[in-house]
Amino acid sequence: MERLLIKDVLSDKFIGKQVIVCGWIRTKRESKDFAFLIISDGSTQDTLQVVIPHEANCSEQIQKCNTGASVKIKGFLRESPAKGQRYEVEAQEIEVIGESDPAKYPLQKKGHTLEFLREISHLRPRTNTFGAIFRIRNVLANAVHNFFQDRGFLWVHTPIITSSDCEGAGELFSVTTFDFKNIPRKDDVVDFSQDFFGKPAYLTVSGQLEAEFLALSLGNVYTFGPTFRAENSNTTRHLSEFWMIEPEMAFADLKDDMKMAEDFLRYLFKEVTLKCEKELLFLQNQYKRISPDEISKLSDIAFTHITYTEAINELKKSKENFQFPVDWGNDLQSEHERYITDKVIGGPVIVTDYPKDIKAFYMRLNDDEKTVAAMDVLVPKVGEIIGGSQREERLEILEERMRKTGISIDNLQWYLDLRRFGSVPHAGFGLGFERLVQYITGMINIRDVIPCPRTPGEIGF
RNA sequence: UCCCGGGUAGCUCAGUCGGCAGAGCAGGUGGCUGUUAACCACCCUGUCGGGGGUUCGAGUCCCUCCCCGGGAGCCA
């Protein structure tokens, strides 16, 4: 007889049938005539109640059925006579597969703080909260691929180790095989010609530049992979290792880019409300941050669009006492973004056409020559989850921008080649996957939406 | 990196004016009950983050370092 997943077994079609279910024990309640186990197997938000009548004769096994132990249960599924659950399994046989010392097992049958659970990252997926988060994360990751695959985008694999440190997207992690006790030097500086690649190498901060050349031959592409930033950021929305999705489209301008970003987010919101109803409901009840209804509404509405200049005017009009000055030319601070999303718009908003001086060199210069064709998608509570732009496809203008911003032209000749040979308007964006998961799950800290968070000073698991 | 707030039992926390180290939960034992973060009784649990100082006496006051959380910057 095959084992069934809890998500499958909790159904009318198994009532009265003999089933085998495996899982981990959440709680045990014993009485003279019965013992009750609650078990979970990760397949669903629901737990399964197992009733062990005294006559099942497995008191030795019940003794070992402590919180955290893994068990195999053979019994009959039936409707539960008591309140609290619709189905339950009346056990005939119990096998404790792996015991768990209740005095030492860190998870108790009571609530734990998220901070404490972060210290036991290897066990926290067994909790309701993290089970929900990681199932949602899975559904979203799958939906990302489905969205792009349905639209003919190619999933491309851009390098994780790169030599370009020129994007200015933050501090880089070095990749080297040097023996730190004996680093080769020449004229007192590190001699990278003796290193593995013959020159300095880094972990990627973005696959965008490579995605651009793939788009300018394959049409529409996207990346979905890990990204690394060595910034000393200690916040609830930064990770040193995170996953990013970067679509890149040939023959597309900023309007196309925004439309794609909006359609994309709406699709993801829709998928998650369709496939993770129980998970979203659980998180809503537990943390009161965002409801399935709110997410569902987001999947229907058009996002508000506002230019950077309009946003500045809104901020200037407001009576809010901002800590940072509101001036055209300054970047929007967190408090400004929050005011726009929470107070002015009351939902996600796309801010476009930022001053060129606060944006990256590759963004396309607008006709006003003061702003670039950039767009950020801001959402309430989390802030920026998407940053994108139309790319500068005009060789001379790009070269000049690189010179002015101090980007090495020599190292990026291949990037300029794309403008020399059959250049076309193209655009793309980057979505921080964890920020998306964070927004949808309502988790306050981004460290709680990835199994093994990496942040400055933290690499425990 | 900067600014706040913390660090006391396995977990969550209280600890007054500087004067014997506490509670709830968890765990153990027994009881009871179709139980359900079960309930009742009893029992067990301490490097008070580390180091230094003041004092007759420090969880408490001072200095210092470490760690955690929140906010800011950087960004996705």
Side-chain angles (χ1 to χ4, degrees), chain A residues 26-39 47-54 63 66-68 78-85 88 90 100-120 127-128 167-171 205-208 223 226-246 261 286 322-324 331-338 358-360 376-379 382-388 429-439 444-450 455-458 460:
Chain A
R26 289 283 180 79
T27 67
K28 171 176 65 172
R29 291 179 291 273
E30 279 182 278
S31 63
K32 209 191 291 175
D33 299 323
F34 299 93
F36 297 92
L37 301 179
I38 300 292
I39 68 170
T47 51
L48 173 70
Q49 172 160 282
V50 178
V51 192
I52 307 154
H54 206 60
Q63 193 90 67
N66 296 308
T67 303
R78 62 181 196 192
E79 277 185 271
S80 179
K83 278 180 188 163
Q85 61 283 315
E88 64 186 19
E90 182 176 325
S100 174
D101 182 346
K104 292 182 182 152
Y105 188 60
L107 290 173
Q108 303 171 356
K109 51 182 180 183
K110 64 162 207 155
H112 286 295
T113 60
L114 296 169
E115 290 80 10
F116 171 69
L117 292 172
R118 252 170 246 156
E119 294 167 18
I120 47 167
T127 63
N128 286 325
E167 231 218 289
E171 298 287 317
V205 293
S206 164
Q208 183 202 311
T223 71
T227 309
F228 308 87
R229 305 268 167 97
E231 287 290 328
N232 189 13
S233 296
N234 289 289
T235 78
T236 52
R237 55 191 186 284
H238 286 89
L239 291 166
S240 311
E241 176 185 295
F242 63 99
W243 286 64
M244 189 152 65
I245 297 137
E246 296 178 288
Q286 195 74 11
F322 294 118
Q323 205 172 345
F324 290 87
D331 207 352
L332 299 179
Q333 305 293 322
S334 287
E335 57 173 355
H336 304 145
E337 293 183 352
R338 249 195 316 275
I358 57 172
K359 287 293 183 184
D376 284 357
V377 179
L378 312 178
V379 296
V382 174
E384 181 181 348
I385 63 170
I386 282 183
F429 62 81
L431 167 73
F433 187 57
E434 282 76 15
R435 289 204 181 158
L436 173 80
V437 180
Q438 195 184 359
Y439 180 52
I444 289 172
N445 197 313
I446 200 166
R447 289 161 210 187
D448 296 331
V449 301
I450 187 166
T455 53
E458 188 53 64

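Quick note: numbers below take in every heavy atom, side chains included, and nothing from hydrogens, waters or symmetry partners. A note on names: the letters A, B, ... follow the listed sequences, proteins ahead of strands, and every chain is numbered from 1. Source: prediction; values computed, not measured.
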Spacing between [X] atom [atom1] and [N] atom [atom2], to the nearest angstrom:
{"X": "A:Phe324", "N": "B:C2", "atom1": "CZ", "atom2": "P", "answer": "16 Å"}
{"X": "A:Phe242", "N": "B:A76", "atom1": "CZ", "atom2": "C1'", "answer": "5 Å"}
{"X": "A:Glu231", "N": "B:C2", "atom1": "CD", "atom2": "P", "answer": "15 Å"}
{"X": "A:Leu37", "N": "B:A37", "atom1": "CG", "atom2": "P", "answer": "15 Å"}
{"X": "A:Gln49", "N": "B:A37", "atom1": "CD", "atom2": "C1'", "answer": "14 Å"}
{"X": "A:His112", "N": "B:G27", "atom1": "NE2", "atom2": "C1'", "answer": "12 Å"}
{"X": "A:Ile245", "N": "B:C75", "atom1": "CD1", "atom2": "P", "answer": "20 Å"}

Taking atom [atom1] in both [N] and [M], compute the distance separating them and give it to the nearest angstrom.
{"N": "B:G31", "M": "B:C17", "atom1": "C1'", "result": "46 Å"}
{"N": "B:A23", "M": "B:C4", "atom1": "C1'", "result": "29 Å"}
{"N": "B:A58", "M": "B:G18", "atom1": "P", "result": "14 Å"}
{"N": "B:G27", "M": "B:C44", "atom1": "C1'", "result": "8 Å"}
{"N": "B:A14", "M": "B:U8", "atom1": "C1'", "result": "10 Å"}
{"N": "B:U16", "M": "B:A21", "atom1": "C1'", "result": "15 Å"}
{"N": "B:G22", "M": "B:C43", "atom1": "P", "result": "14 Å"}
{"N": "B:U60", "M": "B:A38", "atom1": "P", "result": "37 Å"}

Would you tell me if any nitrogen or oxygen in the side chain of [X] comes within less than 4.0 Å of OP1 or OP2 on [N]?
{"X": "A:Arg338", "N": "B:A72", "result": "yes"}
{"X": "A:Arg29", "N": "B:A38", "result": "yes"}
{"X": "A:Thr236", "N": "B:G69", "result": "no"}
{"X": "A:Asn232", "N": "B:C74", "result": "no"}
{"X": "A:Ser334", "N": "B:G71", "result": "no"}

Polar pair under 3.5 Å, donor/acceptor by atom type, side chain A:Glu30, base B:U35: no
B:C75 base / A:Ser233 side chain donor-acceptor hit below 3.5 Å: no
By nearest atom, which of the nucleotides [options] is closest to the [X] side chain?
{"X": "A:Gln108", "options": "B:G10, B:G34, B:G73", "answer": "B:G10"}
{"X": "A:Asn234", "options": "B:G70, B:U35, B:A72", "answer": "B:A72"}
{"X": "A:Thr27", "options": "B:A76, B:A38, B:G73", "answer": "B:A38"}
{"X": "A:Thr235", "options": "B:A76, B:A72, B:G34", "answer": "B:A72"}
{"X": "A:Arg447", "options": "B:G27, B:G69, B:G34", "answer": "B:G69"}
{"X": "A:Lys109", "options": "B:A76, B:A72, B:A38", "answer": "B:A38"}
{"X": "A:Arg237", "options": "B:U35, B:C75, B:A76", "answer": "B:C75"}
{"X": "A:Phe36", "options": "B:G34, B:G73, B:A76", "answer": "B:G34"}
{"X": "A:Ile444", "options": "B:G70, B:U35, B:G27", "answer": "B:G70"}

Do the side chain of [X] and the main chain of [Y] share a donor and acceptor less than 3.5 angstrom apart?
{"X": "A:Thr67", "Y": "A:Arg26", "answer": "yes"}
{"X": "A:His336", "Y": "A:Phe322", "answer": "no"}
{"X": "A:Arg229", "Y": "A:Val205", "answer": "yes"}

5′-ward residue of the pair A:His238/A:Phe34 relative to RNA chain B: A:Phe34
Answer with base, sugar-phosphate or nothing: what part of the nucleic acid does [X] contact at a heavy-atom distance below 4.0 Å?
{"X": "A:Phe116", "value": "sugar-phosphate"}
{"X": "A:Gln85", "value": "base"}
{"X": "A:Gln333", "value": "sugar-phosphate"}
{"X": "A:Pro106", "value": "nothing"}
{"X": "A:Tyr105", "value": "nothing"}
{"X": "A:Glu119", "value": "nothing"}
{"X": "A:Thr227", "value": "nothing"}
{"X": "A:Lys104", "value": "nothing"}
{"X": "A:Glu458", "value": "sugar-phosphate"}
{"X": "A:Arg118", "value": "sugar-phosphate"}

By side chain to side chain donor-acceptor pair (under 3.5 Å) - contacts of A:Ser240 (at least two apart): none
Identity of whatever pairs with B:A41 - Watson-Crick or G-U, under 3.5 angstrom: B:U29
Partner nucleotide, any strand, of B:C75 [Watson-Crick/G-U, under 3.5 Å]: none
